[in-house]
Amino acid sequence: MSKNLLAAAVSAAVLFVSPFSAVQADEGVVTVYMPSPTGLNAKYVAQFEKQTGIKVKLFEGTTGKILARLEAEKSNPVADVVVLASWSDGLAVKQSGILASYPNAKNAEKLRADFIDADRTLFGTSASAMGVIWNKTLIPNLNADWKELADPKFKGQIAIPDPEKSGSCKDFLAGYLYATKGDWATWEGMAKNGLAVAGANKAALESVLTGAKAILVAGVDYNAYSQIKKGEPIGIYYPASGTVVNPRPAMILKSTKNEAAARAFIDYLLSDDAQKLVAQAFLLPGRTDAKASGRLGLDDIRTFSNLDWNTMMQQSDDAAAKLLQMTKGNR
């Protein structure tokens, strides 16, 4: 067989076995940085490797840790694909100029309109909504709105994730302030009543599971639904005035030397199989034709209207720092 015919045959075989992207022989590895949930990430990796033959080098961490790692590696980038739990942080990364567009991502047209940017650099393949999670053993019933949780009757009972570690909490705070035109009084009231910053999302939820605190505000909902399924006596609701739904952006770095593999991973996250795994992990699927499972769907959650994510991006870090300063004496 001639070299040209052999190359054509190999190329055709690669295209046949992979439902995503044709991957060159030197692009058999993709390095991915992703936040929790760990169980979902493990399933992603196993399924993607089986379907494509591409090996995944995975780094897991909070959004804060992932961003710190990107900064540390700025002069010698390592990651090919980055996923964050914060849409505003994704916009900030885009603004820094280090992301590559992927105009022909498969199934991108099925994403919700606000889960993808015009340049096709940010793909919100999943999302979380921020709610109030409470320990039913300590408080049998709870449906207080955000402002009502600043009541002194909740003194010493409330925790919040650290917004500098939890990108989703940081986005919630920025969204709340945008929607309420800067209502810091609610958070000042909670701080006065002993609002405790309880670490990243997992540690913050643990404070409610153990009964150290009765209520977690701005908690990511998929963690709560997962614990409820395990039989934990907690509940979750979304306050009547609204909340923030946070798309979790997946992005390709311009510096990737494995572009085909990176694009294949984005295509995978947008695939039917991956969207089913998203639903099983109690996250909100990014595609409009994929349904949430075992939890409220996006259409059933009242959200703050007309949020400006670019403004939130510009203000979120300062808002997080202000909340931490406000609650400093409560730790």
Side-chain angles (χ1 to χ4, degrees), residues 33-41 59-72 83-89 128-135 137-139 142 146 149-150 154-177 186-188 190-228 230 232-236 243-244 246 248 281-283 316-331:
Y33 295 176
M34 284 196 292
S36 59
T38 294
L40 173 61
N41 294 344
F59 170 74
E60 293 183 289
T62 63
T63 290
K65 286 183 178 179
I66 291 172
L67 291 173
R69 184 156 180 157
L70 288 176
E71 178 63 23
V83 182
L84 300 176
S86 163
W87 191 256
S88 69
D89 280 330
S128 62
M130 311 308 290
V132 175
I133 303 166
W134 85 101
N135 186 313
T137 302
L138 300 176
I139 302 177
L142 186 68
W146 302 111
L149 290 167
F154 296 115
K155 187 175 180 66
Q157 299 185 67
I158 303 181
I160 188 170
D162 185 334
E164 290 188 346
K165 295 179 180 177
S166 166
S168 48
C169 180
K170 181 172 70 173
D171 281 358
F172 167 78
L173 185 60
Y176 178 90
L177 293 168
T186 292
W187 304 100
E188 288 167 353
M190 289 192 207
K192 184 179 178 181
N193 292 332
L195 178 65
V197 176
N201 293 312
K202 185 177 180 180
L205 179 58
E206 190 69 21
S207 70
V208 173
L209 293 174
T210 62
K213 296 293 178 182
I215 303 167
L216 178 66
V217 294
V220 287
D221 56 358
Y222 67 87
N223 279 343
Y225 286 114
S226 177
Q227 293 298 328
I228 289 169
K230 293 177 181 178
E232 292 290 349
I234 61 172
I236 180 170
T243 190
V244 172
N246 197 341
R248 295 157 59 95
F282 301 108
L283 282 160
S316 61
D317 285 342
D318 288 343
K322 182 171 179 177
L323 182 73
L324 291 178
Q325 181 62 34
M326 192 181 294
T327 56
K328 192 158 126 183
N330 300 338
R331 300 184 193 182

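Positions are given from 1, in the same order as the sequence printed here.
Taking the side chain as every heavy atom from C-beta outward, Ile228 and Ile234 approach each other to under 4.5 Å. Counting only heavy atoms from C-beta outward, the side chains of Val132 and Trp146 approach each other to under 4.5 Å. You'll find the side chain of Tyr222 stays beyond 4.5 Å of the side chain of Leu40, heavy atoms only. In this structure, Asn201 and Ser168 have side chains that are in contact, with non-hydrogen atoms separated by less than 4.5 Å. The closest side-chain heavy-atom distance from Gln157 to Ile139 is below 4.5 Å. Put simply, the side chain of Trp187 reaches to within 4.5 Å of the side chain of Val217, judged on heavy atoms. Looking at Val197 and Asn330, their side chains never come closer than 4.5 Å, going by heavy atoms from C-beta outward.
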Derivation and outcome, side chain to side chain contact (heavy atoms under 4.5 Å, CB included), residues Phe59 and Ile66: CA-CA 8 Å; Phe59 170 74; Ile66 291 172; 4.0 Å; yes
Should Ser86 and Ser88 be marked as a side chain to side chain donor-acceptor pair (under 3.5 Å) after you check the CA-CA gap, both sets of side-chain angles, and the distance that decides it? CA-CA 5 Å; Ser86 163; Ser88 69; 3.3 Å; yes
Between Trp134 and Phe154, is the ring-ring contact (aromatic ring centres under 6.0 Å, His included) condition met? List the steps. CA-CA 12 Å; Trp134 85 101; Phe154 296 115; over 10 Å; no
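Considering NZ of Lys170 and CG of Asp162, their distance stands at 10.5 Å, rounded to 0.5 Å. One finds the CD atom of Glu206 at 11.5 Å from the CG atom of Leu216 (value rounded to the nearest 0.5 Å). Rounding to the nearest 0.5 angstrom, the gap separating the CZ atom in Arg248 from the CG atom in Asp89 is 12.5 Å. One finds the CG atom of Leu84 at 10.0 Å from the OG1 atom of Thr62 (value rounded to the nearest 0.5 Å). One distance of note links CD of Glu188 with OG1 of Thr327; it measures 12.0 Å at 0.5 Å rounding. Atom NZ of Lys328 and atom CD of Gln325 lie 4.5 Å apart (nearest 0.5 Å).
Remark: side-chain polar atoms of Ser207 are not paired, donor with acceptor, to backbone N or O of Lys213 under 3.5 angstrom. In this structure, the side chain of Asn41 engages the main chain of Pro35 through a donor-acceptor pair within 3.5 Å. When atom types are taken as modelled, the side chain of Asp221 and the backbone of Ala129 share a donor-acceptor pair closer than 3.5 angstrom.
The shortest non-hydrogen separation linking Leu323 to Pro163 is CD2-CG, 4.1 Å. Ala159 and Leu195 make their closest contact through C-CD1, 3.9 Å (heavy atoms, listed as atom of the first residue, atom of the second, distance). Minimum interatomic distance between Leu209 and Asn135 (heavy atoms only, all atoms of both residues): O-ND2, 4.1 Å. Residues Asn223 and Lys202 approach most closely at ND2-N, 4.4 Å, considering heavy atoms. Pro161 approaches Cys169 most closely through the heavy-atom pair O-SG, 3.5 Å. Between Leu283 and Pro37 the shortest heavy-atom distance is CD1-CD, 4.0 Å.
Of the N and O atoms on the side chains of Asn246 and Asp171, at least one donor lies less than 3.5 Å from an acceptor on the other residue.
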